[in-house]
There are 2 protein chains.
Amino acid sequence: MAEIKYRIALVEDDESLGYVLSEYLKINDFDITWVKKGSKVMEVLTTESFDLLILDITLPDSSGFDIAEMVKVKFPKLPFLFLTARSMKIDVLKGFALGAVDYLKKPIDEEELVARIHALLNRVVPPARNLNAEHSLQIGSYTFDPQNQVLERSGNRTRLTERENALLLYLSSHKNQLCTHNDILNGIWGKNDYFNKKSLNVFVSHLRKYLNEDQGIRIENIRNRGFVLSVAENPNS
Amino acid sequence: MAEIKYRIALVEDDESLGYVLSEYLKINDFDITWVKKGSKVMEVLTTESFDLLILDITLPDSSGFDIAEMVKVKFPKLPFLFLTARSMKIDVLKGFALGAVDYLKKPIDEEELVARIHALLNRVVPPARNLNAEHSLQIGSYTFDPQNQVLERSGNRTRLTERENALLLYLSSHKNQLCTHNDILNGIWGKNDYFNKKSLNVFVSHLRKYLNEDQGIRIENIRNRGFVLSVAENPNS
DNA sequence: AAAAAGATTAATGAAAGGTTAATAGGTTAA
DNA sequence: TTAACCTATTAACCTTTCATTAATCTTTTT
């Protein structure tokens, strides 16, 4: 079904375990890059992007702990977990102290590993990936077609600009829920500063204008937090 | 100190383990509610707000798995983990399939438990205050949605300001318990002086006004100490 | 009854938000 | 190459919100 796959970097020096694991994870619909040498990790991370990093600790040319420290500095948003034979309590605690999202002890059951990875990735919903709009959306008495950037009501069409479109898409896919300044700005502008926030106000103002023919629709401000597109329940079922 | 703490509901029937765990977690700065009976879980979750739920599976009056299913439906945003003596693979997989964020086997090292909880909450709640894990709370006949800052009763919606919202969240998270001036002021205002205390009174007054339609709800003053949000038990069992 | 603490309502002012207009940067068309 | 056009950003200006402060009244304590 051509879903986007989650990308995982697996750092493991052991040939046979590395092979088994990467094959197993591939079968389970992950996109795996198997890194056999600790010294290659940073290079791989620089050239490709990943959703998760799985680290062995005992590597012939370096320590997984050291790698984790470097990763944390250069790629602070990349979640990583340890998968290792070192099971002493001190190591476990060190792993978590370094910021690991999990610490798994070998031998690990493959099915459990997959279950844990899913549990992890489910929590980290990458905002970039859920901004897809296939078909038209209903907003009160308006029809919103984000594909074509058109907002329509009783024959009146408004062509939206890119920003207006992105903002309305964001708000309408979180109908009646608070959308924080931060989420909107990071989601659409990619960063959050004073001027973007000013800009956001301008576009909210535009959308309010377009939407003001339906009394049941309001873009409400929640001071210091963000906006809510509130849509009254319409009487038809 | 006097930071706002993460709130955890611990569901554990074993007296001694429950005691040890809740004390240990309290020492580590978590705000723990220990639920001894599986049948009480949903009730507690409905009236108090939590950041995490820890579930035993083998309970005398119900199964942790069943509880998880109900929680998933009614409080889909609340992360939960299993902490159990059942270590069979089938149980582990079932736990994750139900949406658990972790599955821990007894006996668990307390330090590791704390490390894992921190790893989890750091992911769920990146930098600021956690409102993501919040769901709507029941306060008497009112519904309080701290996420969207609204208080509702029989169709009447009141949009709360930031301070009102923070205060009501604090009080309702410590229902029927004394909330000292000091804790509230340090928790919400970040400092405690004469003028903040005056301000606090103003907001208490606002909340009383909003809540005065339900006779069973009162914000009581305890002279020189603080306030209690007291909610009468409703007549149904 | 005096003093202290709390409750309530109202006044104030700074900051946040709203709106419209001007600017600048980029793209298209001629 | 230039002119026309579109759009995001910035600016300017106005309006609203809400935490604080103040003022006044009520309750509790001694």
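Letters A, B, ... mirror the listed sequences (proteins, then strands); counts begin at 1. Just so it is clear, the model here is predicted, and its values are computed rather than measured. Below, all heavy atoms of this structure are taken into account, side chains as well, without hydrogens, waters or symmetry copies.
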Aromatic contact, H118(B) with Y6(B) (centres under 6.0 Å): no
Ring centroid separation H181(B) to F227(B) under 6.0 Å: yes
Least distance between heavy atoms, T143(B) atom then Q138(B) atom: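 Residues T143(B) and Q138(B), closest heavy atoms: OG1-NE2, 3.5 Å.
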Neighbours of DNA chain D within residues 198-226 of chain B, by heavy-atom distance under 4.0 Å: S199(B), V202(B), F203(B), R223(B)
Atom-pair distance (CZ on F195(B); P on dT12(C)), nearest Å: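 Value for this atom pair: 17 Å.
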F203(B) and H206(B) aromatic ring geometry - parallel, tilted or perpendicular at 30°/60° bounds: perpendicular
Touch class at under 4.0 angstrom, heavy-atom based, for Y194(B) against every strand present: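 Nothing, no heavy atom under 4.0 Å.
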S172(B) side chain reached by L229(B) side chain, heavy atoms, under 4.5 Å: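 SC-SC contact between L229(B) and S172(B) confirmed.
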Interface limits on DNA chain D, where chain B has a heavy atom under 4.0 Å of a nucleotide atom: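 So the contact region on DNA chain D extends dC18(D) to dT29(D).
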K26(B) and E23(B) ion-paired at < 4.0 Å: yes
Salt bridge D51(A)-R7(A), side-chain N to carboxylate O under 4.0 Å: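 Looking at D51(A) and R7(A), the cut-off is not met.
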Complementary nucleotide for dC14(D) - Watson-Crick or wobble, under 3.5 Å: dG17(C)
Qualifying residues under salt bridge (Lys or Arg N to Asp or Glu O under 4.0 Å), relative to D29(B), sequence neighbours excluded: K5(B)
